[in-house]
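Written below as structure tokens is the structure these notes are about.
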Amino acid sequence: MREPAQAPTPTVVMCPGGPMLLRGKHVVEDADGNLHETRRPVSAVCRCGKSALQPWCDGTHKVLPERDRP
């Protein structure tokens with residue numbers, strides 16, 4: 001008996017009001033033009049611009065007013 005086909009896992013997921021999640025290997029360019037390779041199975045990229053760990057998300061978006069979230 002065959003296993004049911006599973007939908008492919010998206011490699012990029014936009015979280016409403018939060019980060020962009022990247023699955024697998026990616027290269028992210030920061031605001032200064034530096035390239036950063038993802039090193040984890042899932043990496044969170046900041047979209048609010050307030051993270052102290054740019055380009056990575058540090059959760060700062062959670063304390064921002066709703067109007068300032070991505």
Side-chain angles (χ1 to χ4, degrees):
M1 184 187 255
R2 288 179 42 196
E3 296 274 333
Q6 293 189 11
T9 303
T11 60
V12 178
V13 176
M14 304 303 264
C15 297
M20 173 175 59
L21 300 179
L22 302 177
R23 288 189 175 93
K25 294 186 177 192
H26 294 273
V27 177
V28 177
E29 184 175 352
D30 66 21
D32 296 325
N34 300 311
L35 300 178
H36 303 268
E37 289 186 42
T38 58
R39 299 209 187 315
R40 299 175 177 206
V42 178
S43 299
V45 178
C46 176
R47 293 193 310 137
C48 72
K50 307 294 185 190
S51 172
L53 302 174
Q54 292 289 340
W56 313 117
C57 176
D58 66 1
T60 299
H61 63 275
K62 295 176 187 174
V63 298
L64 295 176
E66 187 93 15
R67 70 180 183 278
D68 293 339
R69 294 181 186 179

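Residues: numbered from 1 along the sequence shown.
Pairs of residues two or more places apart, or lying in two chains, that qualify as side chain to side chain donor-acceptor pair (under 3.5 Å) and include a residue from residues 20-35 are Asp30-Asn34, Asp30-His36. The side chain to side chain donor-acceptor pair (under 3.5 Å) pairs that include a residue from residues 61-70 number zero, where partners must be two or more places apart or lie in different chains.
Grouped with Leu21 in one hydrophobic cluster are Val13, Val42, the linkage being side-chain heavy-atom contacts under 4.5 Å among Ile, Leu, Val, Met, Phe, Trp and Tyr residues.
Applying the side-chain contact (heavy atoms from CB on, under 4.5 Å) criterion to Glu37, with sequence neighbours excluded, gives Val27, Arg39. The side-chain contact (heavy atoms from CB on, under 4.5 Å) search around Ser51 returns Cys46, Leu53, Gln54, Asp58, not counting sequence neighbours. In this structure Val63 satisfies the side-chain contact (heavy atoms from CB on, under 4.5 Å) test together with Thr60, sequence neighbours excluded.
At distances below 3.5 Å, not a single donor-acceptor pair connects side-chain atoms of Arg47 with backbone N or O atoms of Met14.
At a threshold of 4.5 Å between side-chain heavy atoms, the hydrophobic network of Ile, Leu, Val, Met, Phe, Trp and Tyr places Trp56 and Val12 in one connected group.
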